[in-house]
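Each remark here refers to the structure printed beneath this line.
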Protein chains: 4
Amino acid sequence: MTDQSVIIGGSVTPKRVDRSARREEILAAAVRVFARKGFAATRIDDVAREADIGKGSVYLYFDSRDALLSAAFEAFAARSRTVLQRAREGTGPPLERLGSLVRSVLAALAEDPELAHILLDLWSSGRAQSQLPLDMPSVYSEYRTVIAELLREAEAEGTVRQGVGQHHATVIVGAVEGCLLQWLLEPRLPITELAEPILEVCVEGLRRRKEA
Amino acid sequence: MTDQSVIIGGSVTPKRVDRSARREEILAAAVRVFARKGFAATRIDDVAREADIGKGSVYLYFDSRDALLSAAFEAFAARSRTVLQRAREGTGPPLERLGSLVRSVLAALAEDPELAHILLDLWSSGRAQSQLPLDMPSVYSEYRTVIAELLREAEAEGTVRQGVGQHHATVIVGAVEGCLLQWLLEPRLPITELAEPILEVCVEGLRRRKEA
Amino acid sequence: MTDQSVIIGGSVTPKRVDRSARREEILAAAVRVFARKGFAATRIDDVAREADIGKGSVYLYFDSRDALLSAAFEAFAARSRTVLQRAREGTGPPLERLGSLVRSVLAALAEDPELAHILLDLWSSGRAQSQLPLDMPSVYSEYRTVIAELLREAEAEGTVRQGVGQHHATVIVGAVEGCLLQWLLEPRLPITELAEPILEVCVEGLRRRKEA
Amino acid sequence: MTDQSVIIGGSVTPKRVDRSARREEILAAAVRVFARKGFAATRIDDVAREADIGKGSVYLYFDSRDALLSAAFEAFAARSRTVLQRAREGTGPPLERLGSLVRSVLAALAEDPELAHILLDLWSSGRAQSQLPLDMPSVYSEYRTVIAELLREAEAEGTVRQGVGQHHATVIVGAVEGCLLQWLLEPRLPITELAEPILEVCVEGLRRRKEA
DNA sequence: GATGAATGAGACTTCATTCAT
DNA sequence: CATGAATGAAGTCTCATTCAT
């Protein structure tokens with residue numbers, strides 16, 4: 001609304017850098033609090049204190065409390081998109097790209113547990129009444145699509161069984177997200193170590209090979 | 001509305017309504033609203049209206065709003081325990097019992113989508129800020145334990161590969177819950193049809209058998 | 001409203017005895033609870049439970065919760081009136097009748113601590129906003145009047161100094177009630193033993209010096 | 001309405017209003033309402049309206065409705081302590097200091113009838129059910145102690161009869177508080193004029209007969 | 001821009017009172 | 001008469017949002 005511009009060296013330099021950096025700081029603070037207390041229990045005051053600014057100042061950067069959750073969702077979705085994009089653009093055998101994808105997803109969230117923790121809230125908010133336009137469903141839809149593509153390539157290559165399709169993509173996404181869920185509920189589970197078992201189970205299956 | 005005096009076990013109930021039946025009615029109404037709007041957005045008034053009683057009457061059967069969520073959790077946990085118990089007590093080849101378990105879990109929730117929908121809230125409540133003593137983590141812990149037992153039996157039998165253990169149990173639980181999650185976010189996914197792909201992926205794996 | 005009468009031996013005997021006995025029971029129960037928890041914190045439910053009847057039944061005997069306090073006030077006022085009447089009608093030296101009065105007041109309340117305890121609530125209710133028509137002020141007014149009469153008689157007799165009047169009556173009433181107050185706040189104070197010090201302080205201070 | 005930034009002790013107060021001044025304003029408003037309607041009948045809304053602020057603003061300065069009563073108690077107790085301290089530290093004949101004390105107590109409350117009126121509620125709150133930690137009993141205990149000390153000094157001096165002790169102190173405290181009680185119930189009583197009768201009754205009654 | 005005091009809508013909860021049985 | 005389940009008005013308290021400084 002107010003566009004205080006500062007003229008430096010003859011070029012118009014909107015204070016955008018500062019503004020957006022400050023916005024990011026606040027968002028990061030908000031995510032930390034969401035992770036700690038959950039969205040429902042998080043007060044604007046908590047966020048302001050965490051960001052070490054005044055309560056009113058939060059509203060200079062975000063329209064509303066809900067907007068903070070939306071922004072957190074955006075951060076999560078952006079990261080997801082990046083990871084998925086990389087898998088899509090990657091080269092090499094599709095099953096290896098699948099492996100990388102699974103490892104990346106788990107590593108990304110293990111590295112940033114704060115963001116991971118708000119997953120639960122995002123799942124809840126992704127449903128029903130929520131006035132928020134957080135499109136969680138489409139995040140998972142894209143996720144399934146990418147994996148289905150990889151499986152299709154693998155099928156074309158002959159590295160996976162015939163008849164593998166959408167549903168199997170859903171199962172793989174499910175295995176990853178379900179392991180994350182369990183880790184969120186039980187932080188002692190070694191999340192990064194679960195990548196290999198996930199791939200073993202999904203790719204190799206549990207049944208013993210007859211002649212192996 | 002009032003369902004007269006009710007005979008239970010041959011003795012006349014002291015008063016007019018069957019307390020526990022009425023309690024269940026209100027809980028069912030609450031679960032319907034939770035499913036529709038989520039716990040955070042559900043007002044006592046909503047529950048009362050759904051149950052077609054006065055707001056104050058809810059408090060005759062539940063101590064607080066939180067107690068409603070606790071009760072919903074109990075209903076969910078009780079059902080989980082039943083399903084798991086059945087798998088534990090079952091006879092027959094362990095991998096078949098695993099199959100039954102997976103199918104039962106999905107069928108149970110598909111049959112009662114209302115209860116399934118509050119899963120998201122229960123997951124959230126299972127973490128952090130919640131003062132509620134909803135022990136979601138232990139639900140999943142037991143779940144993993146039962147599956148790990150089945151895998152151990154199968155390993156003893158020689159029907160699964162050696163080295164299969166806790167982590168693989170976590171992956172199977174994850175696959176089931178992760179598929180449920182996706183269904184909750186995207187109700188068009190055919191949840192019951194996912195049981196077979198889950199079992200295929202987990203038991204058989206995706207990779208094509210060399211000599212098949 | 002309902003006047004269920006029972007014919008016994010040919011005479012109409014309204015069930016008044018029972019009815020009024022029951023009323024007294026409830027009132028006594030109410031007074032016990034008021035004494036224990038104070039009027040503000042007393043619930044109709046508490047009274048019903050104490051009287052061992054159903055909550056709704058309280059309303060068969062009292063119009064409202066406030067009516068219970070009114071009735072308790074009436075009981076207190078009636079007792080006060082009795083004590084005062086006795087002092088008024090008594091014969092003998094006025095200062096001795098004053099002594100009896102003081103001893104009676106303290107003894108009456110010491111004997112029935114329950115009623116004494118609600119004095120505090122009655123004092124509060126005797127003021128301001130209270131919709132209740134509890135006329136505490138007139139209880140004390142009558143009290144002062146009776147004592148002033150005794151003092152006037154004593155003055156006429158020459159047993160107290162001249163100039164003793166209304167204000168001194170107020171002081172004597174005050175001394176008694178003020179001691180009661182302290183006892184209510186600090187039950188270890190020996191309330192009945194305070195009668196003599198009160199009389200010593202007050203009467204000896206008023207008695208004309210013999211030879212002066 | 002907002003009274004700008006205020007300089008206290010040379011340092012700029014961090015924000016705009018002086019928190020403690022505003023707190024006092026609200027407390028004063030609360031005391032006015034308590035005096036008018038009694039604590040039990042006073043709603044937060046009443047206090048807010050009296051202070052001409054929003055309902056929620058009360059909670060910026062007091063944790064709860066009960067905290068308002070506690071604060072009012074503190075104001076009363078602080079004043080009591082001051083009056084008592086003065087009597088304790090005073091010099092001069094003990095019976096004169098007793099006279100000053102009685103006059104001070106009556107004058108202090110006569111001057112601030114608002115605070116006096118809540119005495120009734122404080123007495124009630126000093127008992128039983130109240131969760132509040134208002135220690136009315138100890139106020140009166142200290143009061144008795146100070147007067148007992150004065151009497152002991154007077155006894156040592158020979159200005160009061162032998163055998164005068166704790167109980168007589170209780171009677172004097174009672175006379176003062178009992179007169180206040182009557183004034184509260186019957187505001188037409190001339191409270192300040194009662195100091196002399198109280199002293200006449202009590203002091204002359206205690207003074208040793210010169211030639212006896 | 002920054003702040004935090006102020007606000008008041010709205011949620012929970014209590015409990016006096018009613019009334020069908 | 002007796003009862004206690006049901007009710008909803010009313011009260012406390014919270015907190016997102018606004019706005020004067």
Side-chain angles (χ1 to χ4, degrees), chain A residues 1-2 4 15 18-19 22 41-49 53-68, chain B residues 1-2 4-5 14-19 22 40-48 51-68, chain C residues 1-2 4 15 18-19 22 41-49 53-68, chain D residues 1-2 4-5 14-19 22 40-48 51-68:
Chain A
M1 253 181 217
T2 55
Q4 292 184 298
K15 264 197 167 175
D18 278 359
R19 201 181 148 73
R22 180 63 76 102
T42 295
R43 311 291 156 233
I44 289 289
D45 233 359
D46 300 325
V47 173
R49 210 171 308 117
I53 58 172
K55 180 161 52 154
S57 305
V58 174
Y59 285 86
L60 295 175
Y61 298 91
F62 293 91
D63 283 345
S64 70
R65 177 172 173 275
D66 281 354
L68 278 169
Chain B
M1 251 186 217
T2 56
Q4 315 297 64
S5 70
K15 291 307 141 191
R16 241 148 294 155
V17 293
D18 181 350
R19 275 195 69 75
R22 179 57 72 103
T42 295
R43 310 288 155 236
I44 288 287
D45 231 0
D46 301 324
V47 173
D52 198 35
I53 59 175
K55 188 169 33 161
S57 304
V58 174
Y59 287 90
L60 295 177
Y61 299 91
F62 294 91
D63 283 344
S64 69
R65 180 172 170 275
D66 281 355
L68 277 171
Chain C
M1 253 185 214
T2 57
Q4 290 184 300
K15 265 198 168 174
D18 278 358
R19 202 182 147 70
R22 180 62 76 103
T42 295
R43 311 288 155 236
I44 288 288
D45 232 359
D46 300 325
V47 174
R49 209 170 309 117
I53 59 172
K55 179 162 51 156
S57 305
V58 173
Y59 285 86
L60 297 174
Y61 298 91
F62 293 91
D63 284 344
S64 71
R65 178 173 173 275
D66 281 355
L68 277 170
Chain D
M1 252 185 214
T2 55
Q4 314 298 65
S5 69
K15 292 307 143 192
R16 240 148 296 157
V17 293
D18 181 352
R19 274 195 71 76
R22 180 56 74 102
T42 295
R43 309 290 154 235
I44 287 289
D45 231 0
D46 300 324
V47 174
D52 198 36
I53 58 175
K55 185 168 38 157
S57 304
V58 174
Y59 287 91
L60 294 177
Y61 298 91
F62 293 92
D63 284 344
S64 69
R65 179 172 170 276
D66 281 355
L68 277 170

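Sequence lines set the chain letters: A, B, ... in the order given, protein chains first and strands last, and positions in each chain run from 1.
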> D/L68 CG to F/dT12 P: how many Å, rounded?
Replying inline: 10 Å

>> To check you understand the geometry: which heavy-atom pair defines the closest contact between D/A67 and D/D63, and what is its length?
In response: CB-N, 3.9 Å

>> Nearest 0.5 Å, please: how far is NZ in D/K55 from CG in D/D46?
In response: 11.0 Å

>> Tell me the interatomic distance from C/Y59, atom OH, to E/dA20, atom C1', rounded to whole angstroms.
In response: 18 Å

> When you check the phosphate oxygens OP1 and OP2 of F/dC1, does a side-chain N or O of C/R19 lie under 4.0 Å from one of them?
Replying inline: yes

>> As a check on the pairing definition, encode DNA chain E in dot-bracket form, counting Watson-Crick and G-U wobble pairs whose two distances are under 3.5 Å, and using | for partners outside this strand.
In response: .||||||||||||||||||||

> Is a donor-acceptor contact shorter than 3.5 angstrom present between the side chain of B/K55 and the base of E/dG10?
Replying inline: no

>> Within the 4.0 Å heavy-atom criterion, would you say C/Y61 contacts the bases, only the backbone, or no part of the nucleic acid?
In response: sugar-phosphate

> Do any side-chain nitrogens or oxygens of D/R22 fall under 4.0 Å of OP1 or OP2 in E/dA5?
Replying inline: no

>> Side chain of C/I44 only, heavy atoms from C-beta on: which candidate in E/dT17, F/dT17, F/dT12 is closest?
In response: E/dT17

> So, do C/T42 and C/L68 sit near enough that their side-chain heavy atoms are less than 4.5 Å apart?
Replying inline: no

> What is the distance, rounded to the nearest whole Å, between atom CG of B/D52 and atom P of F/dA6?
Replying inline: 12 Å

> Taking for each residue the nucleotide of DNA chain E bearing the nearest heavy atom, is the 5' side occupied by D/V58 or by B/D66?
Replying inline: D/V58

> Nearest-Å distance, CD1 (B/I53) to P (F/dG8)?
Replying inline: 11 Å

> For E/dA5, does either OP1 or OP2 sit under 4.0 Å from a side-chain N or O belonging to D/S57?
Replying inline: no

> Starting at CG of C/D45 and ending at P of E/dA16, how long is that distance when rounded to a whole Å?
Replying inline: 8 Å

>> Measuring from the side chain of B/L60 (C-beta onward, heavy atoms only), which nucleotide among E/dA5, F/dA5, F/dA16 has the closest atom?
In response: F/dA5

>> With rounding to the nearest 0.5 angstrom, report the OH to CZ distance, A/Y61 to A/R22.
In response: 5.0 Å

>> Would you say C/R65 places a side-chain N or O within less than 4.0 Å of OP1 or OP2 belonging to E/dC15?
In response: no

> To the nearest 0.5 Å, what is the distance between OG (B/S64) and CD1 (B/I44)?
Replying inline: 7.5 Å

> Rounded to whole angstroms, how far apart are CZ on B/F62 and P on E/dA11?
Replying inline: 21 Å

